[in-house]
Amino acid sequence: MTSIHIIVFLPLLAALVAGLGQRFIGAVASKTITTAGLFTASLLSWPIFIGFLNGSETAYVAPVMNWVQSGDLSFDWELRVDALTAVMLVVITTVSALVHLYSWGYMEEDPDQPRFFAYLSLFTFAMLMLVTANNLVQMFFGWEGVGLASYLLIGFWYKKLSANAAAIKAFVVNRVGDLGFMLGIFGVFWLFGTVSIPDILAAAPEKVGSSIGFLGFRVDTMSLLCILLFIGAMGKSAQLGLHTWLPDAMEGPTPVSALIHAATMVTAGVFMVCRLSPLFETSQFALDVVTIVGATTAIFAATVGLVQTDIKRVIAYSTCSQLGYMFFAAGTGAYGAAMFHLFTHAFFKALLFLGAGSVIHAMHHEQDMRYYGGLRKHIPLTFWAMMAGTLAITGVGIVGVGGFAGFYSKDAIIEAAFASHSTFHMYAFGIGVLAALLTSFYSWRLMFLTFFGTPRWAQSEHIQHAMHDHGDHDEHAHDHANNAHGDGTAGYHPHESPLPMLIPLGVLTLGAVFAGFVFHGGFIDAETGKAFWANSTLFFNEHLMHAMHEVPLWVKLSSTVAMLTGLLVAYLMYQQSKDAPQRLATAFAPLYRFFLNKWYFDELYNAVFVRPAFWFGRLFWKQGDIGIIDRFGPNGSAAVVSFGSKLAVKMQSGYLYTYALVMLLGLVTAVSWMMVRT
């Protein structure tokens with residue numbers, strides 16, 4: 001057994017032990033086993049990644065078992081290890097290990113901790129299966145596995161109706177995308193006669209220019225297959241049109257948000273496009289579709305994030321927007337930049353989610369930022385961690401000197417879009433700069449509302465309940481809380497999170513600060529990047545990487561100017577003129593409502609899909625099932641039997657002569673029938 005086998009299967013073993021043996025080993029042992037398993041996997045993953053960076057590792061395939069042999073369809077269960085896999089291994093195992101540790105503090109009072117930790121480890125195993133797949137069926141196995149695990153984690157608090165609804169929504173929306181992914185896999189097997197990823201990518205150039213009949217039209221074969229595969233990526237990575245599940249998924253526990261929606265599951269689509277990048281390179285039309293969808297998603301989610309008040313939803317829409325960056329980077333051919341942003345994003349977005357969880361923990365599960373304020377003095381470690389995450393996501397840095405993680409990766413995407421010079425790529429460049437401005441605004445808005453200004457805790461029902469409970473035990477403290485300073489907050493003091501929650505914040509802070517500076521050469525440098533990605537299936541456009549570094553200075557400065565503009569506007573609106581947001585919302589009421597209602601996608605889908613589906617469901621239930629099947633089936637049969645039994649009862653008079661008459665009539669009938677036949 002090699003290290004890659006241990007990395008992949010140790011989380012599965014831990015999930016089985018914690019999930020099936022929780023009654024025997026208890027909560028503490030379940031948490032210990034799953035957390036230790038993930039930290040072990042993480043420690044084994046980093047040497048593989050570093051080995052590919054310094055050139056000491058080469059790509060290889062580790063066999064597991066023979067899997068399927070059915071006619072022309074034949075493939076084994078194999079674990080592919082290359083540079084692309086190595087990046088995903090460190091992202092998945094590191095973030096998952098830290099989320100496991102963080103959950104020791106966050107979920108401390110939950111009675112179902114073993115089940116929660118088992119779900120976390122099961123999710124990690126499924127994600128590792130996806131990124132180590134050497135064929136499309138194995139990838140689809142992991143693809144569906146993370147879908148199942150995310151359903152279980154989002155709906156973990158199953159007694160909460162909103163959590164159940166969010167889990168079902170995520171499951172259903174992802175099935176739409178998965179249908180496209182399945183059709184793409186079917187088409188690839190039909191065209192290439194194999195599901196082996198290396199074999200498909202090697203044969204792809206030979207199929208350029210071929211056409212296929214689809215829905216009554218002749219279409220380019222490679223374009224069709226790539227777009228079908230991309231539809232799967234749209235569902236899993238919450239791109240515009242199939243994005244509606246992502247914000248609602250915040251109903252799950254905050255560690256789930258950090259694991260699923262910051263670093264792993266939602267990046268599966270980006271990984272798949274990069275893994276199959278030589279296939280996508282055969283169709284410029286498909287790449288243009290990826291570019292347009294990614295760029296439009298980036299601006300859509302950024303505009304919605306401007307007006308959200310729930311701290312987790314702001315970060316959720318930020319995730320959606322950043323995924324848009326990754327996709328339009330892939331669409332422009334800058335796959336290395338897309339993976340680099342995926343890598344850095346994992347650190348600072350997980351940091352922001354876990355930091356938000358620390359704030360929520362301190363504020364008795366209050367998630368509305370309008371009821372925060374002044375928290376930097378009470379939870380300083382959380383404040384500085386989220387400050388590092390904010391500096392990273394907004395891309396703070398100095399051109400030619402350096403900066404935080406997002407400064408390297410997001411700026412690389414914007415520069416690559418400009419360097420490509422096509423119409424759609426210039427659209428992506430403009431949208432990327434505008435989205436950077438909006439990202440800066442809503443990120444600093446979150447910081448100002450949460451950590452600066454005067455406390456607004458007295459307006460929160462959650463805080464009031466907490467103060468009331470405290471007052472039940474200490475009447476003097478309760479009176480002091482309501483009267484001492486006149487703001488109703490003196491008796492309540494937000495507290496810093498416990499050590500198991502703070503350690504992950506510290507580690508992720510290091511990633512948010514240094515990951516871009518340390519690793520940017522291996523990902524996007526024209527020379528070292530070419531050597532690094534040569535050990536993978538990723539298509540590395542060396543010419544584009546050279547052009548990206550040679551763009552005009554104003555292009556390099558554009559995202560920095562956008563960041564500073566967003567910061568300045570947020571400062572003026574939320575620190576200087578604090579009534580400005582309300583005045584602006586009133587002056588642009590239609591636009592404000594449009595953003596607040598998320599471009600009315602939910603309302604549109606409810607009218608077009610949900611209500612008709614329920615109408616058809618009621619029709620088949622009331623008219624079909626009850627009115628026809630039950631009426632003429634079991635209920636009808638039962639009615640006939642009941643009627644017959646009642647008729648038979650009436651014939652049972654109890655008099656002997658009645659029975660004799662019936663017997664005589666029967667005998668006469670039988671004799672008559674026999675005489676007629678004779």
Side-chain angles (χ1 to χ4, degrees), residues 119 122-123 125-127 129-131 133 136-156 158 161-189 195 214-215 224-252 256-257 259-261 264-273 275-276 289-290 293 297 316 319-320 323 327 598 601-618 620-621:
Y119 287 169
L122 177 64
F123 173 89
F125 162 72
M127 194 67 199
M129 279 294 300
L130 191 159
V131 301
L136 292 177
V137 177
Q138 185 180 329
M139 181 182 286
F140 188 72
F141 173 78
W143 196 272
E144 294 302 290
V146 293
L148 168 64
S150 67
Y151 170 80
L152 296 173
L153 286 167
I154 295 168
F156 175 75
Y158 57 87
L161 293 179
S162 58
N164 283 329
I168 293 172
K169 187 175 184 179
F171 193 82
V172 171
V173 173
N174 273 276
R175 296 294 72 73
V176 176
D178 292 351
L179 175 61
F181 193 32
M182 285 190 291
L183 292 175
I185 294 174
F186 298 157
V188 166
F189 178 71
V195 291
F214 183 72
L215 300 178
L224 174 64
L225 296 181
C226 290
I227 289 174
L228 287 173
L229 294 170
F230 177 61
I231 290 173
M234 288 176 63
K236 200 63 70 182
S237 296
Q239 292 301 281
L240 189 67
L242 296 178
H243 68 279
T244 53
W245 66 271
L246 182 64
D248 289 14
M250 298 302 105
E251 292 292 339
V256 173
S257 304
L259 179 62
I260 298 180
H261 310 111
T264 51
M265 174 177 162
V266 294
T267 60
V270 179
F271 166 81
M272 185 266 285
V273 172
R275 171 66 83 197
L276 302 179
V289 171
V290 174
V293 172
T297 301
T319 298
C320 192
L323 288 166
F327 274 111
K598 301 157 288 187
F601 269 99
D602 284 321
E603 289 78 4
L604 176 64
Y605 288 174
N606 188 54
V608 175
F609 300 113
V610 178
R611 288 183 181 176
F614 275 102
W615 183 84
F616 275 109
R618 283 191 295 268
F620 288 123
W621 170 34

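- F140 and F181 have tilted rings, their planes meeting at an angle from 30° to 60° on a 0 to 90° scale.
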Working for side chain to side chain contact (heavy atoms under 4.5 Å, CB included), residues L240 and F601 | CA-CA 10 Å; L240 189 67; F601 269 99; 3.7 Å; yes
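- Taking CZ of F214 as the start and CG of L228 as the end, the distance is 5.5 Å to the nearest 0.5 Å.
- Inter-residue side-chain proximity for F271 and M127 is flagged as unmet; no heavy-atom pair is nearer than 4.5 Å.
- With rounding to the nearest 0.5 angstrom, the CE atom of M265 is 10.5 Å from the CG atom of L130.
- Counting heavy atoms from C-beta on, the side chains of K236 and V146 come closer than 4.5 Å.
- Relative ring orientation between F609 and Y605 is described as perpendicular, the plane-to-plane angle rising above 60° on a 0-90° scale split at 30° and 60°.
- V188 is not listed as a side-chain neighbour of V195, based on a closest heavy-atom distance of 4.5 Å or more.
- Interatomic distance, CG of L152 versus OH of Y119, reported as 4.5 Å (0.5 Å rounding).
- For the pair D178/W143, a side-chain contact is recorded, criterion being any heavy-atom separation below 4.5 Å from C-beta on.
- Of the inter-residue distances, the one linking Y151 atom OH with I260 atom CD1 reads 13.0 Å to the nearest 0.5 angstrom.
- By the side-chain hydrogen bond (donor to acceptor under 3.5 Å, both in side chains) test, T297 is found to be paired with Q239, residues two or more places apart in sequence or in another chain being considered.
- Among residues two or more places apart in sequence or in another chain, the salt bridge (charged side-chain N to carboxylate O under 4.0 Å, His left out) test is passed with K598 by D602.
- Taking CD1 of I168 as the reference point, atom CG of N164 lies at 6.0 Å (rounded to 0.5 Å).
- Within the model, atoms CD of E603 and CG of N606 stand 7.5 Å from one another, a figure rounded to the nearest 0.5 Å.
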What do the steps show when you test L276 against L136 for side chain to side chain contact (heavy atoms under 4.5 Å, CB included), and what is the final call?
-> CA-CA 10 Å; L276 302 179; L136 292 177; 4.3 Å; yes
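- Taking the centre and axis of the six-membered ring of F614, the NZ or CZ atom of R618 falls outside the cone set by 45° and 6.0 Å.
- Side-chain contact between V256 and F156 is absent, with no heavy-atom pair separated by less than 4.5 Å.
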